[in-house]
A.B. asks: 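Mind looking over this structure? Questions follow.
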Amino acid sequence: MKLGNSLLTLAAGLSSVLAGSVGEVHYPTLFRRNGTEDLQSFKGAVLLKNGEQTSCEVALMYSTFGFVSAACLDYTDTSAKTLNSSTTYEVAISSGLTSSYGRFKASKVTPNPGYDPVSYANNIALVEFESNGSEFVNYIASWRQDWIEFYYTRRSLSNAASSTWNSPATTMYNAQPDLNACAQANSLFMYNQKDLICNELSTPSIMNASCSIPYASIYGVNDPNAAVAALYSHSAVHNDGSLCGNEKIYNYFIVMQNYVHWAMSIMGKKAPVFHTRIPEYTEVLDPSYSMIIPKSSVEGVAVYAGDLYHLGATISQASDEKDGGLSPGAIAGIILGLLALLALLGYFIRKKLKERYESNRVRRWWFFGRFEKEEKPEDAGPPMADPNDPQRPSTYPVQF
Ligand SMILES: *[C@@H]1O[C@H](CO)[C@@H](O)[C@H](O)[C@H]1NC(C)=O
Ligand SMILES: *[C@@H]1O[C@H](CO)[C@@H](O)[C@H](O)[C@H]1NC(C)=O
Ligand SMILES: *[C@@H]1O[C@H](CO)[C@@H](O)[C@H](O)[C@H]1NC(C)=O
Ligand SMILES: *[C@@H]1O[C@H](CO)[C@@H](O)[C@H](O)[C@H]1NC(C)=O
């Protein structure tokens, strides 16, 4: 079959290219987009603490590194500066949706130095884990403007000890959130919209089917590819409600792209990221990148984060402090900012649709994973073509 062949070609191209940099690579993970069933082509992972599964998914990069929410780790103090060294972490990895790849001990977890356990700013950590000797690569989607659709997953195990996976909850969801409502419920979102994705989606918890909880990961779909883009960070519940109650809940996901260079600084190697090659593409090179940390939280809104299956440890009730730091001028500024963001979004969507439907030229897709910004556009190798394009080249030399 033609598509099958092109997938194989793509896979072969990827593994040969990656083999040079990270040794034997058997599991390239970029696949043609075809609805959420595409997710069966990806490895997924869940963080285990002291042998028990958490609600936290790990966004895999390599067979030994992944991102996880920093709020999912255990600390000895509320300032989250010191990890509780008695907690043991493992990463359970699924191959496709339900088959098990293995369960691996974490050798090191590193919360982002800017992680703020009050606002949940920079709620991200790097987990390093053992491998069984086989290497694989999973891509992080690193250019938000690319994403024309979103896949959501919540993976879980029916038995952590034997690494038996449930069929994950998956959905495709593309509706625009009410940005104003998302910002009113959470100061962090108000100031850091480019780093967060907000929505009201939920799926029944494996712990209690009458309680719905947020999804765990978001994949950015960038026709014809998809890659993991964001991880669940925290939820804001109106009227100091609970996650399982009837109050209005907004969920926030941290977009990983601006933390890639921080991860590289710890991994000591390039990160496998994926984005289209368009002139507007920029990346945050600063490993100490931080969100803007709000001074106060929103009154009457409870904030939850971390392992939602064992909430006691990670709940952070918003303080009763009024969000008094905002003058009417600042509020007007924020509203203007929101409008500008909407306009920008509109611009990109229009541009993307235009590109999508009028292009009879080869569409260009690009891989990226460099430390340096100096690389000139023409140095980065030939484009990957749309598999549907009859003029596409038959091989995909991809430079990493
Ligand atoms: C998309 O997935 C469906 C269901 O798995 C399958 O029947 C169909 O052939 C796929 N289409 C392509 C273009 O891969
Ligand atoms: C650290 O973790 C252990 C085991 O999970 C727990 O018993 C202990 O209370 C924790 N210490 C602190 C300071 O939270
Ligand atoms: C590692 O685990 C995977 C999945 O179980 C398996 O396919 C692979 O052969 C294993 N590699 C080694 C070196 O054991
Ligand atoms: C399950 O969730 C529902 C809805 O919040 C709650 O009323 C019920 O007490 C929960 N059951 C258990 C066993 O926690």
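Along the sequence shown, residues carry numbers from 1. If you're wondering where the values come from, they're calculated on a predicted model, not measured in any experiment.
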A.B. asks: Does a side chain donor of either Asn159 or Thr164 reach within less than 3.5 Å of an acceptor in the other side chain?
C.D. replies: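 Side chains of Asn159 and Thr164: no pair found under 3.5 Å.
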A.B. asks: Where is the tightest heavy-atom contact between Leu73 and Pro111, given as atom of each residue plus distance?
C.D. replies: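 Heavy atoms of Leu73 and Pro111 come nearest at CD1-CG, 4.1 Å.
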A.B. asks: Would Tyr151 and Asp38 satisfy side chain to side chain contact (heavy atoms under 4.5 Å, CB included), going step by step from the backbone distance to the final call?
C.D. replies: CA-CA 10 Å; Tyr151 296 162; Asp38 283 354; 3.8 Å; yes
A.B. asks: Over all heavy atoms of both residues, which pair between Tyr62 and Lys270 is shortest? Give the atoms and the distance, please.
C.D. replies: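 Minimum heavy-atom separation between Tyr62 and Lys270: OH-O, 2.5 Å.
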A.B. asks: Please check: side-chain N/O of Asn199 versus main-chain N/O of Leu201, any donor-acceptor pairing under 3.5 Å?
C.D. replies: yes
A.B. asks: In this structure, would Tyr259 and Ile293 fall into the same cluster of hydrophobic residues linked by side-chain contacts under 4.5 Å?
C.D. replies: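 No, no single cluster joins them.
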A.B. asks: Closer than 3.5 angstrom, by distance alone: can the side chain of Arg154 be matched with the main-chain N or O of Ser55 as a donor-acceptor pair?
C.D. replies: yes
A.B. asks: Is a side-chain donor-acceptor pair under 3.5 Å present for Asp74 with Asn84?
C.D. replies: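 Short answer, no.
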A.B. asks: Apply the side-chain hydrogen bond (donor to acceptor under 3.5 Å, both in side chains) test between Tyr289 and each candidate in Asn122, Asp195, Asn112; give the one that qualifies.
C.D. replies: Asp195
A.B. asks: Pick out which of Val255, Asn123, Ile197 makes a side chain to side chain contact (heavy atoms under 4.5 Å, CB included) with Ser233.
C.D. replies: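 Exactly one pass, corresponding to Asn123.
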A.B. asks: Evaluate the criterion side chain to side chain contact (heavy atoms under 4.5 Å, CB included) for residue pair Glu283 and Val260; output intermediate values, then yes/no.
C.D. replies: CA-CA 9 Å; Glu283 68 208 45; Val260 161; over 6 Å; no
A.B. asks: Are Lys105 and Glu90 within salt-bridge range, i.e. N to O under 4.0 Å?
C.D. replies: no
A.B. asks: Can you tell which of Tyr139, Tyr281, Trp147, Trp143 makes a ring pair (Phe, Tyr, Trp, His ring centres under 6.0 Å) with His275?
C.D. replies: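 The residue from Tyr139, Tyr281, Trp147, Trp143 that satisfies ring pair (Phe, Tyr, Trp, His ring centres under 6.0 Å) with His275 turns out to be Tyr281.
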A.B. asks: So which heavy atom on Ala185 is nearest to which on Ala236, and how close?
C.D. replies: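 Scanning both residues, the minimum pair turns out to be O-CB, 3.6 Å.
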A.B. asks: Please test Phe274 against Asn222 for side chain to side chain contact (heavy atoms under 4.5 Å, CB included), starting from the C-alpha separation and ending with a verdict.
C.D. replies: CA-CA 9 Å; Phe274 179 74; Asn222 159 347; 3.3 Å; yes
A.B. asks: Rounded at 0.5 Å granularity, tell me how far CD1 in Ile148 sits from CG in Asn174.
C.D. replies: 9.0 Å
A.B. asks: So which heavy atom on Gly306 is nearest to which on Tyr232, and how close?
C.D. replies: O-CE2, 4.4 Å
A.B. asks: Can you measure from CG (Asp307) to OG1 (Thr54) and round to the nearest 0.5 angstrom?
C.D. replies: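 Going from the CG atom of Asp307 to the OG1 atom of Thr54 covers 5.0 Å.
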A.B. asks: By side chain to side chain contact (heavy atoms under 4.5 Å, CB included), which residues pair with Thr153, not counting sequence neighbours?
C.D. replies: Leu39, Glu57, Arg155, Thr170, Ser217, Tyr219
A.B. asks: Consider side chain to side chain contact (heavy atoms under 4.5 Å, CB included). Of Val303, Leu188, Ile292, which one does Ser119 pass it with?
C.D. replies: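 So the option named by the test is Leu188.
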A.B. asks: Are the side chain of Ser187 and the backbone N or O of Ser296 linked by a donor-acceptor pair below 3.5 Å?
C.D. replies: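 Between the backbone of Ser296 and the side chain of Ser187 there is a qualifying donor-acceptor contact (under 3.5 Å).
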A.B. asks: Hey, what's the ring geometry for Tyr215 with Tyr152, parallel, tilted or perpendicular (30° and 60° as the breaks)?
C.D. replies: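 Perpendicular.
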A.B. asks: What's the shortest heavy-atom distance between Trp262 and Leu126, and which atoms?
C.D. replies: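 So the minimum-distance heavy-atom pair works out to CH2-N, 3.5 Å.
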A.B. asks: May I ask you to establish whether Lys108 and Phe129 are in a cation-pi arrangement, using a distance under 6.0 Å from NZ or CZ to the six-membered ring centre and at most 45° from the ring axis?
C.D. replies: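 Lys108 over Phe129 ring: no.
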A.B. asks: Do Glu52 and Tyr309 have side chains that get closer than 4.5 Å, going by heavy atoms?
C.D. replies: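 No, their side chains stay 4.5 Å or more apart.
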A.B. asks: Once you round to the nearest 0.5 Å, how far does OG1 of Thr110 lie from CD of Glu128?
C.D. replies: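 Separation between the atoms: 7.5 Å.
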A.B. asks: With a cutoff of under 4.5 Å between side-chain heavy atoms, which Ile, Leu, Val, Met, Phe, Trp and Tyr residues group with Leu157?
C.D. replies: Val46, Leu48, Trp165
A.B. asks: According to the interplanar angle, ranging from 0 to 90°, do the rings of Tyr120 and His234 count as parallel (below 30°), tilted (30 to 60°) or perpendicular (above 60°)?
C.D. replies: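 Tyr120 and His234: parallel rings.
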A.B. asks: If we ignore hydrogens and angles and just use 3.5 Å, is the side chain of Asp286 paired with the main-chain N or O of Ser288 as donor and acceptor?
C.D. replies: yes
A.B. asks: Are Tyr250 and Leu179 linked, directly or through intermediate hydrophobic residues, by side-chain heavy-atom contacts shorter than 4.5 Å (ILVMFWY only)?
C.D. replies: yes
A.B. asks: Would Lys43 and Phe136 count as a cation-pi pair here, with the cationic atom under 6.0 angstrom from the ring centre and within 45° of the axis?
C.D. replies: yes
A.B. asks: Determine which pairs satisfy salt bridge (charged side-chain N to carboxylate O under 4.0 Å, His left out) with at least one residue from residues 241-267, sequence neighbours left out, and list them in order.
C.D. replies: Glu200-Lys248
A.B. asks: Return the OG to CG distance between Ser205 and Leu243, rounded to the nearest 0.5 Å.
C.D. replies: 9.5 Å
A.B. asks: In sequence, state the C-alpha distance, the side-chain angles, and the governing distance for Tyr173 and Phe150, and then conclude on ring-ring contact (aromatic ring centres under 6.0 Å, His included).
C.D. replies: CA-CA 6 Å; Tyr173 181 79; Phe150 295 95; 8.9 Å; no
A.B. asks: Assign the ring pair Phe104 / Tyr101 to parallel, tilted or perpendicular, where the plane angle (0 to 90°) is split at 30° and 60°.
C.D. replies: tilted
A.B. asks: Quick one: pull up CG in Asn251 and CG in Leu308 and give me the separation to the nearest 0.5 Å.
C.D. replies: 8.5 Å
A.B. asks: What are the two closest heavy atoms between Thr98 and Ser167, and how far apart are they?
C.D. replies: CG2-CA, 3.6 Å
A.B. asks: What verdict does the side chain to side chain contact (heavy atoms under 4.5 Å, CB included) test give for Tyr252 and Asn186, after you've listed the backbone C-alpha separation in whole Å, the side-chain angles of each residue and the deciding distance to 0.1 Å?
C.D. replies: CA-CA 9 Å; Tyr252 304 88; Asn186 189 245; 3.3 Å; yes
A.B. asks: Roughly how far apart are Leu97 CG and Ser41 OG, rounded to 0.5 Å?
C.D. replies: 8.5 Å
